[in-house]
Each structure stands twice: as structure tokens, then as C-alpha cells.
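Hydrogens, waters and symmetry mates are skipped; everything else that's a heavy atom, side chains included, is used. Every chain is numbered from 1, with letters handed out A, B, ... down the list of sequences.
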Amino acid sequence: MPSRSPVAVIHQAQAGIRRSALRRQLQAVAAGKSTSLSIDLDQSGVDVGEIIEEITSRLPMESMPVQRLVFAFKSSGTADRVVERLGAKSPQQRANSARVAGALRLTEAVTWVAALLESRDRAVSDAAARALGKIGGARSATALVLAIQRRGLNRRLVAELARAAPDLFVEVALAEPQRPAVRPALAIAAGLRRRQTAVGPLMRLMERGSRRERVISCRALGWIGSGTAVPVITRALADRDWKVRMSAAKALGALHAHSAKNDLKYLHIDRNARVRKAAEQALYRLRTR
Amino acid sequence: MVSRLAVLESAPVFFSLPEALLRALARRLRRIKVSAGDMVVFQGEPGDTIFVIERGRCRMVIEKPPGIVTVALLSEGDFFGEGAALMNRPQQASVYAQTDCYLLAIDRQVLHTTLAGRDNPALDELRQVADQRFRTFADTSVQATWGLLLQEATVVGVYSPKGGSGGTCISLNLVGAFARRYPGEVLLLDLDFPYSHSALLAGLVPTSCLARVSSVPQESFEEVLLSAVLYHPGGPMILPGALRPEEADEVTPELITKAISVLRKSFTYVVVDLGVTITDSTLALFDLTQHVVVVTAPELSAVKSAADAIDILVQLGTPHDRLSVVLNNRSFKPAVTKTAVERTLKREVDIEIAFDGSRPEQAAVDGAILSLTNPRSEMAKGCEAIAALLDSKHGRPRHKPAEAHVESEGVPAGVGEAG
């Protein structure tokens, strides 16, 4: 390891001191011991968003610590500065501000954060997607769906859509006319959310959707673990497309669908090796449970 | 916009909001079309949205084995999902669209940005409604599931999370107290595994048990089960869960459900001694009971265990008014005061049983039930109070105690001589 200059060591120590001072200040506000907040968002070596995330992670929006922090940010004018910096030139400032807005669940910042999804800088667009996932609600979810429309199926956007979408948002969107990339993304999001309410729309997609939609719906139904979907997935074992057959076999294994055992055995003589392997693995899962 | 506003104005709680707020809410609503038969929310899942019915009808059901109970039929202006959205509880019930519906969805973010921080009591009122509904629906489902209104037996679980708190003694004396009100109509089912001693403490010699009925065919199940019941001369009846520790494994949740459904038809009260451990059988029983009595002693570990047990019971959906706490003083000067116990449990002690000297131990040696043989003892008085409390809650008319069983402190003929 190369030895660092004394100046660099001192700078690092100073940044550490500033970070811990900020953490203490924010913790005091969150605990209700203090109401005043004075934050310099441009302190070198201090990532304000990260520290707020550390304090507010796993806390719901309506919890008192988050509410106290939001109140202190708003009353000190810091929240306004955060929103202003979402349009800053520096990508780092934009990404940091998006993180702060997400950690504080600033719903009023959704419009500006959503605009950052179009950024060419990946760090900025990822930070914006994460922030929208944290803020949640129909507006955040709509912004993420629009971004998927523009950019196509993107892992980060889909994961954050699953997190942000309120009840029945994904289910309703699945039933509406959508651009080609959107419906598969919605199906994945529905699977990731693991809600039984999505079973009906996903089953309909299995019957009427494109090849890609059928493949993804199968897997999503397997993740949700809905026994009512077993007959539909079993029918998909006879699909013309090998990817659908493979996906259906995997889903039936995940569902521990013993009723589909014989249908899975037929796939031992499938002409596609990957389908045969998926069927074998599914049967193994059935045997071990 | 106008129609949304009209729907919100007709909804409970929302109608009291100022018009500016109502308009702000109406602007942010999502309008959702749901086809007849579609599921809107699913019981047990998390939720973040309140749904107001704009048009159509929905059915709210609670799945509670062995059946599904419809707890409400909702129409225009009604709302649901508020418990999950505001209290962070899992959905208490599933909601299905009965006809094609239009719903207005208000998600958590909208609720908080619109209603919070404006000195507005609407959010608190909504939380209050959510809490009230939670209790009402829990109660309705319990009553409907077990046909309380059909005068079938009330099942009372006696659970003592810490050994040595007197759970078995209280169960036995509780059936004694009930037997004075309903002679021949009260049963104690002893599921205090692995050692079930209720029969022994009552001076009875068991010859069969619930575990041994497990392999009996369905058609003769009822007959064989009832023939395993032991009759105490004082009035109560006892059904041991297992005679040997290794038989305890035979008592599965399915067997318990089947047995309770038979016993409920034959008795007025079925008291179940649940013992100390929480097993699958205990959990099954919690679902089947109409009332749970948690027994604790004024000792640090017992009180802590009781607090944990109450938390579990509440999480399992036991309504607060279906749960009673009994404090059993096992020593003359308890180390922990009643106030401290209540502070730890975060609820009041419903019945306190005063220290009764060596009477309970002596009664066990004699094979007597104090509530039948010595009504003046503290244990008998405490159990009489529990019986009265349960009777008042479960709508049983109070019978005059059978005079034959309250003769001074003397032992009535036959009691204690059985076995």
C-alpha cells in the first residue's frame, strides 16, 4: 500500500470529523432533541445523502424521526436548496441531491427527480431511480414507467418501480395498452412485489401476451407463489416457444406444483436441452419437498 | 373531478374535511376500474392505499380456517384498506369486487402530503376508524366462524407462558367454577404437554386421551372422543391430551380442530389448558378460541414472558377484549407489584388472585378442586371472578350456583373420592 502524504491524512481526518458532526446533528434532530439544522451541502468528503439514508433507512415516511428531519430541512431552507441543486450542472451535485430527496421522501421533489432519469450520466439516473423508489407513490411510479418506455427494460428502473408502485398500480397498468418494453417490465415488477392481486392480470398476460410477456409472466407467477396459477402455467408447458416452456417448468418447480408432475416428466423428451434441464430441476424440487 | 369530490364528500371522515383539502385530495386520486370478481386487496399482504368506492359493490372477507367469513359488504362512499395504509398492519381482510367497480385510490404519499402537518385531525380520525374496524372485524370473524350465536360452546384458552405460574391449577378451578353454573356442560381439555396432569390433580385416573383418538376413522370419531372424557363428580369433565409424553406428537393441529368441532356441540364451555410452549397445536388453538386467559405470576421472568405472549397474541389478531390477564400471587410478599406488572404488560390486570397459602398444593394432593370444595379460598374466589368475567363477555346468562356444591368449607359428597 503506498504511503500517503501527511496533508492527505489530515484532510481525511477532517472529513471524518465533519461527517460525524453532521451525523450527530441529524441524529439529534431525528430524536427530537434539536430542531435547528445548518448544513453545508458542499462540504468536501461529506455525503449528506448517505448519512441521511443511514439514519432514515427502514423508517416509514410517516415515522416521527423522518417527519422531524423533513420539518427541520424545510424550515431551515435546506430542502429548497436540495431541490435547486437537482438542476445543478455538476452530475455529482445532482446525484447527491437526488439521494437526499429520496432519503427524506420529499414528495414535492418528484417532478425534478423524475427529470434526472433522462440524464446520460449513469450515476445521476441511478440515484434518481433509487430516490423515486424510496419516495414512492403513483407519481414516482408513473415517472419510472415513462423512463422504461424511453430507455427500455432496465434492471434498476424495474426494481425501483416494484418498490415505488402503490397498491393496484402495476395491476392496472398491466391491463392497459402499453409500449413493447413496458408490459414485461410491469410483469417483473408485479412478480417482485409478490402480491396476490397481480395473479389475475399476470394469468391474463400468459394467455394473451407476446412470447416475451408469457416468459416473464410465468416466472413472476412462480415468485408470487400462487397455487391458483398452476393450471395456466401447466398449459404453458406445451407452448410452441422453448423459452416459455422452460420458464413454465421453473415456475412449477418454485410453486412445488405436484399436480404438474406428469406434465413435467413429458419434458424429459423435449427437443431443447435447456427445457429438459429446467424440467429435471423442477422435478428435483418436487421430490425434495 | 366533480364526481370524485362528490364521492369523497359522502365518505365517512372525509366529509368533515375543509373544501380546499377535499379538492386537493380529489386532484391527486387515481381512478381504477375493477371487473366483477377481481381481487382488490389480499388478506395478510401489506398495503399503502385507501380505496374509496365510487361505483359498484365490494365484498370484504376474512379467511379463518375452517371457513371464509364475509365481514362487510361495501358500496358507494365506503372505503377500505385504511388499516394497512395508516397503521402499517397487514391487510386484515381480502376485498373482492362483487360488481364492476370504479375505485378512487388515495395512496399513502398523497394522504400525508395533503393531510399531514396542517393541524388537521383527519389522519387521527382515520387511524381511529381503522382501529375500530380492526376490532369489529376480528370480533365478527370469531363469532361467525364459531357460531357463537348458535349457542355452541365457548372455547377458552388458558395460557401460562412461564412454568410454575399456576396455569393448570387455574384451568382446573375455572372449570370447577363453571361447573357450578353449568353442571355437566363444562370440559377441560388438557394440552399442557408433554406432561398433562389435570386429571391427576382432580383425583381422576385417565384411561384414554385425545392422542389415542387420532387414528380412529371419521365415522366413529365423535363417539370415541366423547368416551375418552372423564367425569368428575363435582360437575366438570376432563379430556387429557396425552397420557404419555411421547403421545404428545400425535396431537396435531388438524386433530385439535376436529376434536374442538365435536366438543363444541356437546358442552357450554370448553376450557383448554395450553401449557407453556407455543407449538403448532397451540397456534391452532389460538385460532379456535373465543377468549384467551394469560396467567402470570408476580415474578420478573413470568411478567416478561407474559408481555411477549400478549404481543404474539395481538399480532395473531386476538382482539384486546378477548384477552384477559390473571395475576396469580404465589407468595405472601410478591417481589413485583401489581402496578409494575401492569406497566410491563402495558395493560391492566383483569383478575388478581391473592396468595392462598398451601391450599392449592394440599388440594392437589387430596385430588380436590378448590372452587368446588372450598369456595372461600382465594383460588376459588379468583376463578369465580374469571368465570363471571367470561360469562359477562360471552353473553351467557348467570345461573345460580348449585347449592349442593357450596356447603361451607366442607367437601361435598363424592368430590375428591373419585379415581
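- Residue B/Arg127 places its CZ atom among more than 12 non-hydrogen atoms of other residues, nucleotides or ligands, all under 6.0 Å distant.
- The closest side-chain heavy-atom distance from B/Phe42 to A/Arg195 is not below 4.5 Å.
- Taking CD of A/Glu171 as the reference point, atom CE of B/Met39 lies at 10.0 Å (rounded to 0.5 Å).
- Contact annotation for B/Asp48: both backbone and side-chain heavy atoms come within less than 4.5 Å of a heavy atom of chain A.
- Only the side chain of B/Gln91 has a heavy atom closer than 4.5 Å to any heavy atom of chain A.
- Atom CZ of A/Arg179 has 12 or fewer heavy atoms from other residues, nucleotides or ligands within 6.0 Å.
- Note that CZ of A/Arg105 is 10.5 Å distant from CZ of B/Arg108, once rounded to the nearest 0.5 Å.
- Listed for the B/Gln109 side chain is no donor-acceptor partner under 3.5 Å among the backbone atoms of A/Ala138.
- Interface remark: A/Phe169 contributes backbone and side-chain atoms alike to the contact with chain B (heavy atom separation under 4.5 Å).
- When each of A/Leu168, A/Asp167, A/Thr197 is checked for a side-chain contact (heavy atoms from CB on, under 4.5 Å) with B/Val40, only A/Leu168 meets the rule.
- The neighbour count for B/Glu348 CD, taken as heavy atoms of other residues, nucleotides or ligands under 6.0 Å away, does not exceed 12.
- Once rounded to the nearest 0.5 Å, the distance linking CZ of A/Arg139 with OG1 of B/Thr113 reads 8.0 Å.
- Of the two parts of A/Ala141, neither the backbone nor the side chain holds a non-hydrogen atom closer than 4.5 Å to a non-hydrogen atom of chain B.
- Counting heavy-atom pairs closer than 4.5 Å to chain B, the top residue among A/Gly200, A/Pro166, A/Ala175, A/Pro201 is A/Pro166.
- Comparing B/Leu103, B/Asn88, B/Val110, B/Leu111 by how many heavy-atom pairs each has under 4.5 Å with chain A, the most go to B/Asn88.
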